[in-house]
Protein chains: 4
Amino acid sequence: MPQLRDVRKIKKKSVAPSAKTPAGTVPGAIRPRDMQRSRAEILRAAVSEFAAAGFEGARVDRIAARAGLNKVLIYRYFGNKEDLYLAVLREVYSLLGEVERDILEHNVRGAELIEQLIDGYFDFLQRREDLVNILLWENLLGTKYLQKLPHEAVGRSTLSTLEELIRDGQTEGVFRADFDPHQLVVSLLVFSFGNFANRHSLSLLFGRDMAGAEWMEKRRAETKRVIFGYILPNKPGVLTDAPDTRSKPGVTTDAPDTRSKPGVTTDAPSASGTPSTPDK
Amino acid sequence: MPQLRDVRKIKKKSVAPSAKTPAGTVPGAIRPRDMQRSRAEILRAAVSEFAAAGFEGARVDRIAARAGLNKVLIYRYFGNKEDLYLAVLREVYSLLGEVERDILEHNVRGAELIEQLIDGYFDFLQRREDLVNILLWENLLGTKYLQKLPHEAVGRSTLSTLEELIRDGQTEGVFRADFDPHQLVVSLLVFSFGNFANRHSLSLLFGRDMAGAEWMEKRRAETKRVIFGYILPNKPGVLTDAPDTRSKPGVTTDAPDTRSKPGVTTDAPSASGTPSTPDK
Amino acid sequence: MPQLRDVRKIKKKSVAPSAKTPAGTVPGAIRPRDMQRSRAEILRAAVSEFAAAGFEGARVDRIAARAGLNKVLIYRYFGNKEDLYLAVLREVYSLLGEVERDILEHNVRGAELIEQLIDGYFDFLQRREDLVNILLWENLLGTKYLQKLPHEAVGRSTLSTLEELIRDGQTEGVFRADFDPHQLVVSLLVFSFGNFANRHSLSLLFGRDMAGAEWMEKRRAETKRVIFGYILPNKPGVLTDAPDTRSKPGVTTDAPDTRSKPGVTTDAPSASGTPSTPDK
Amino acid sequence: MPQLRDVRKIKKKSVAPSAKTPAGTVPGAIRPRDMQRSRAEILRAAVSEFAAAGFEGARVDRIAARAGLNKVLIYRYFGNKEDLYLAVLREVYSLLGEVERDILEHNVRGAELIEQLIDGYFDFLQRREDLVNILLWENLLGTKYLQKLPHEAVGRSTLSTLEELIRDGQTEGVFRADFDPHQLVVSLLVFSFGNFANRHSLSLLFGRDMAGAEWMEKRRAETKRVIFGYILPNKPGVLTDAPDTRSKPGVTTDAPDTRSKPGVTTDAPSASGTPSTPDK
DNA sequence: AATGAATGAGATTTCATTCAT
DNA sequence: TATGAATGAAATCTCATTCAT
């Protein structure tokens with residue numbers, strides 16, 4: 001898990017002179033074929049740094065320090081700060097695309113598809129906090145740099161595929177028919193990412209931790225509940241007061257009911273209709 | 001509406017002396033060398049600049065240029081860049097608080113309260129794009145500066161009041177009982193703000209404008225629909241197949257039906273169940 | 001006594017608008033004939049400021065604030081910072097010259113002359129700490145500015161008069177003959193001023209207050225003792241009990257011994273030969 | 001001998017690359033890119049600059065130029081101007097302490113101890129004019145920065161040792177018993193340093209060079225004479241009219257007489273009792 | 001490949017000085 | 001005269017980038 005904040009004071013690692021030659025190599029010999037590894041190392045470090053400080057705030061020196069490599073290599077391999085940043089952006093968007101690609105590959109459909117998407121987003125958001133931050137920084141810059149990337153590196157065909165699958169679900173009656181699949185896809189993204197875009201500020205506002213894993217699990221559950229409430233058909237008779245099928249997070253229940261539909265974690269309101277212990 | 005991007009190259013205004021009168025004042029009228037006004041002018045300019053470029057990216061010179069005042073005054077009135085930024089943060093949070101305060105003052109309750117909140121948020125988000133950006137920048141810095149403000153300047157008591165009102169609504173049966181008011185409040189914020197946190201990136205992703213007013217109206221409607229689907233009791237019998245009461249945005253229908261509940265703008269799927277022309 | 005240090009944060013006095021018109025004048029009327037007073041006020045303030053911070057460290061703004069007058073006047077009356085500083089130097093040297101002039105006017109001779117000189121110097125040093133500092137600052141600049149003053153403003157004819165008087169004393173046998181009057185004059189200055197040139201540093205070095213009045217009285221006494229031990233003839237047999245020429249300054253010891261010759265304050269070693277309570 | 005004044009206009013050295021070898025090194029010899037040396041070089045340059053201009057007057061650019069190194073290194077190695085100045089102060093006080101330490105190590109006692117001290121101070125003052133100036137600047141600032149140093153870096157234990165040795169001398173009868181050792185130690189410092197604190201101003205006042213080596217030798221002798229007149233026992237019978245044992249400076253006569261006691265340089269008054277040619 | 005250093009630009013901050021009301 | 005503001009220069013400090021060893 002990448003360290004994000006408070007990493008400003010990284011100092012050059014001061015290795016003993018003897019340690020300079022990597023173990024197993026003859027001193028004086030040039031270290032071989034490490035270029036690939038170095039490049040990757042720099043990129044990794046750059047992701048961390050740009051995530052933590054943004055483009056303007058990022059320091060080339062710190063990236064070098066994070067990578068444990070010399071600053072010169074950054075310029076040798078990437079050209080300059082901006083190009084390095086562009087490489088990072090590319091990486092980020094590539095990884096982001098994988099989320100949907102992974103899910104689509106498994107041919108899930110219907111409610112399960114939606115749930116896996118939400119889970120996929122939340123997992124990504126929680127696991128790659130750094131990448132998310134880069135998306136947010138870049139957005140604040142009005143995609144100043146993102147625009148410089150070739151379109152293929154950014155646009156995500158997966159999203160239209162998704163829309164179609166949802167539309168199919170509507171046709172088949174798995175989903176309600178009266179919502180716009182396009183808006184839904186956006187909602188899935190927005191409702192998920194929105195939790196992260198302001199988590200630190202919100203923590204201050206509400207005076208409680210809204211950035212930690214525990215809280216995010218609650219949000220994940222809540223998000224699922226809201227979405228499913230919106231897209232699944234209401235089954236008359238089982239309406240509001242139907243008993244919740246409590247299940248562990250991630251587990252898909254075969255018969256989702258009105259409220260906490262497929263495999264939703266509900267540490268939230270109990271089935272009785274009265275939320276027992278709203279987290280406070 | 002504040003200019004946000006592409007304002008980097010502002011140079012010293014080389015206006016003719018007569019042009020010194022700031023916009024909005026009658027030319028010829030005395031523009032007193034007014035400390036109060038100068039301070040305010042700087043603050044306004046600072047909001048714009050910090051919104052557009054963030055703390056690191058902001059340039060004191062540009063702030064002075066935007067304010068049409070001398071750089072020295074910034075230091076005289078605010079001390080230094082950071083203190084100026086803190087003053088800006090204070091301002092932003094103060095204005096943000098007003099959104100809820102305004103609504104709470106009018107003693108609206110029930111569905112209308114929720115709708116006004118969503119509207120309030122979207123209005124704020126659309127009208128004060130700059131302030132929102134500042135919130136987002138600051139969040140990315142992990143509230144590095146926000147933390148330096150006294151707690152009163154940030155914490156918002158309105159939010160707990162809100163929770164209570166919602167809980168009241170649940171007790172009275174206006175809202176479903178099986179959701180957590182606290183989570184709802186967060187959802188209202190997150191679902192609203194989420195639309196803005198990534199609008200530029202999303203525009204690129206989807207290859208369409210997702211930052212403009214038109215699109216945001218759609219999101220506002222969609223958000224309302226989702227939220228109301230979640231919190232309003234299902235009225236058995238009128239359920240899914242009820243015809244949508246199409247209404248203009250902002251207009252509250254007295255008899256909200258299943259889907260588009262109070263005064264929701266529905267440029268979305270038509271009543272027939274099949275979304276006629278999903279916006280594309 | 002002028003405030004010397006810690007005066008850096010003087011703020012513009014913010015008088016109520018109504019207070020602007022000095023009492024007794026018709027509002028709107030121009031304040032009359034205050035130029036002389038303003039000039040003097042500025043000069044006084046400048047002495048304080050330059051004394052406290054030196055030429056480079058002094059701030060024109062602070063001088064204006066100290067004077068309670070507007071910065072503009074400084075430029076109107078004195079031209080610029082350097083010219084103001086030169087005016088200050090002139091003032092300082094003029095006042096310094098008075099010390100000797102005052103004494104010489106009274107036609108004191110012999111030991112009493114010397115004692116009055118030492119007293120004069122110490123009095124000046126203690127009372128006009130500010131002026132002394134200016135001398136020291138200027139010295140550190142290698143008299144960079146002092147040199148720009150006309151010679152009359154600096155050179156002090158009194159000093160050569162002094163030398164002659166001392167030489168007379170030697171001829172008359174009042175003083176020992178085997179010292180150089182010129183060196184003595186210098187010693188008088190140096191031994192006196194030396195106590196001030198490093199008093200703060202010495203305080204730190206010795207870990208005790210060596211800047212206060214109490215300590216300086218000890219130094220004054222010690223200095224007299226040393227000087228008199230040097231210039232007064234040792235009278236064999238009459239040694240210790242030589243008649244004291246009692247004079248004002250300091251406490252008169254009833255039983256002065258060998259050491260403290262004319263009117264010397266001796267809080268120092270007692271007559272017995274063994275210093276009773278060396279100050280520690 | 002360090003250059004002190006008139007060094008303000010040092011510009012970037014535009015030397016040919018080959019000229020890079022710093023003075024004192026063999027051209028062609030490897031000048032390792034040695035951090036240690038660079039640091040030392042900067043410190044040395046800083047001492048000169050701060051000595052010549054004081055803290056406020058000193059220019060970081062000039063320090064870099066003096067050091068023949070890049071400005072950036074100053075910040076890399078020392079942080080900022082103030083920290084650099086603090087490092088300089090540390091250095092100065094450390095070197096100052098050595099004066100006494102050197103002497104105390106040699107186990108000299110009695111009159112010789114005192115003479116060596118005076119010599120030590122005058123040597124230091126003449127040789128390290130720059131350090132003395134720094135002491136004086138700092139004193140004028142009321143030890144504003146000195147106070148920030150840890151006490152050990154400033155306080156000098158040697159001084160109390162000195163007092164004890166003098167007291168021992170008094171007990172043994174080598175010194176007169178009726179003076180306070182503490183005051184004597186202070187007098188030694190003050191009478192020595194006092195000559196330097198105002199030498200340039202005095203030069204102007206008296207219209208003769210009072211800053212040069214020649215003059216300082218006279219002051220050194222005079223100071224010794226005065227001090228010894230004060231602390232050595234009067235030998236009745238040899239009193240005033242004893243012939244001076246003229247000796248070379250620094251040479252200690254085995255049988256010091258009343259006036260020019262141990263090894264005092266007397267280019268001063270001739271033996272006859274009447275100073276023949278007072279220097280003028 | 002690493003270290004130390006240099007370059008050059010630019011950003012923040014501070015001042016003296018002047019202008020306008 | 002006082003106030004507020006403006007100007008212009010400079011000084012401190014920071015960075016990206018490049019060079020040399």
Side-chain angles (χ1 to χ4, degrees), chain A residues 12-15 17 20-22 29-31 34-35 38 56 58-64 68-76 79-82 84, chain B residues 12 17 20 30-38 56-62 64 68-77 79-82 84, chain C residues 12 14-15 17 20-22 29-31 34-35 38 56 58-64 68-76 79-82 84, chain D residues 12 17 20 30-38 56 58-62 64 68-77 79-82 84:
Chain A
K12 302 280 181 80
K13 58 169 192 180
S14 51
V15 268
K20 269 179 185 173
T21 8
I30 309 274
R31 205 150 22 129
D34 273 8
M35 199 185 110
S38 293
E56 294 260 11
R59 297 288 168 258
V60 175
D61 274 333
R62 281 206 296 261
I63 293 173
L69 290 170
N70 196 274
K71 205 175 14 169
V72 175
L73 295 190
I74 292 178
Y75 291 95
R76 176 127 70 236
N80 59 24
K81 191 185 179 185
E82 177 169 336
L84 175 57
Chain B
K12 300 282 180 80
K20 265 184 183 171
I30 303 159
R31 201 257 198 167
R33 306 204 158 202
D34 187 354
M35 188 179 129
Q36 291 306 316
R37 175 185 317 219
S38 293
E56 295 258 11
R59 296 290 168 255
V60 175
D61 274 335
R62 282 205 297 261
L69 289 172
N70 194 276
K71 200 181 8 170
V72 175
L73 294 186
I74 292 178
Y75 291 95
R76 168 131 71 241
Y77 295 148
N80 58 26
K81 191 184 178 185
E82 176 170 338
L84 176 56
Chain C
K12 301 283 183 78
S14 51
V15 269
K20 268 181 186 172
T21 8
I30 309 275
R31 213 168 355 148
D34 274 7
M35 199 186 109
S38 293
E56 294 261 8
R59 296 291 167 256
V60 175
D61 274 333
R62 281 206 296 261
I63 293 174
L69 290 171
N70 195 274
K71 206 175 14 169
V72 175
L73 294 190
I74 292 178
Y75 290 94
R76 176 126 71 237
N80 59 24
K81 191 185 179 184
E82 176 170 336
L84 176 56
Chain D
K12 300 281 181 81
K20 264 184 186 172
I30 304 159
R31 200 255 200 168
R33 304 207 158 201
D34 186 354
M35 189 180 127
Q36 292 307 318
R37 178 186 314 221
S38 293
E56 295 259 11
R59 295 291 168 254
V60 174
D61 274 335
R62 282 206 298 261
L69 290 172
N70 195 276
K71 196 179 16 169
V72 175
L73 295 186
I74 292 178
Y75 292 96
R76 169 132 70 241
Y77 295 149
N80 58 26
K81 191 184 177 183
E82 176 170 337
L84 176 57

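Note that the coordinates shown come from a computational prediction; the quantities given were computed from them, not determined experimentally. Chain letters run A, B, ... following the sequence lines, proteins first, then strands; residues in each count from 1.
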> Which pair of heavy atoms, one from Ala64(D) and one from Ile74(D), lies closest together, and at what distance?
Replying inline: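 So the two residues come closest at N-CD1, 3.7 Å.
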>> So which atom in Leu84(C) and which in Ile63(C) form the shortest heavy-atom distance, rounded to 0.1 Å?
In response: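 Answer, listing the atom of Leu84(C) first, then Ile63(C): CD2-CD1, 3.9 Å.
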> Just how far is it from atom CG of Leu69(D) to atom CZ of Arg76(D), taken to the nearest 0.5 Å?
Replying inline: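 Answer rounded to 0.5 Å: 11.0 Å.
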Round to a whole Å and report the spacing from [atom1] of [X] to [atom2] of [N].
{"X": "Leu73(C)", "N": "dT17(E)", "atom1": "CG", "atom2": "C1'", "answer": "14 Å"}
{"X": "Ile74(D)", "N": "dC13(F)", "atom1": "CD1", "atom2": "C1'", "answer": "11 Å"}
{"X": "Arg62(C)", "N": "dT17(E)", "atom1": "CZ", "atom2": "C1'", "answer": "17 Å"}

> Does Glu56(B) pair with Lys81(B) as a salt bridge, N-O distance under 4.0 Å?
Replying inline: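 Looking at Lys81(B) together with Glu56(B), the answer is no, because their closest N to O distance does not fall below 4.0 Å.
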> When you check every protein heavy atom under 4.0 Å of nucleotides 8-14 of chain E, what one-letter string (B, S, -) results, 5' to 3'?
Replying inline: B--SSBB
> DNA chain F: Ser38(C) or Arg76(B), which has the more 5' nearest nucleotide?
Replying inline: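 Nearest-nucleotide comparison on DNA chain F picks Ser38(C).
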> When you look for runs of 3 or more Watson-Crick or G-U pairs in a row, both distances below 3.5 Å, which of them include DNA chain E?
Replying inline: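 Result, WC/G-U stems under 3.5 Å: E:2-21 with F:2-21.
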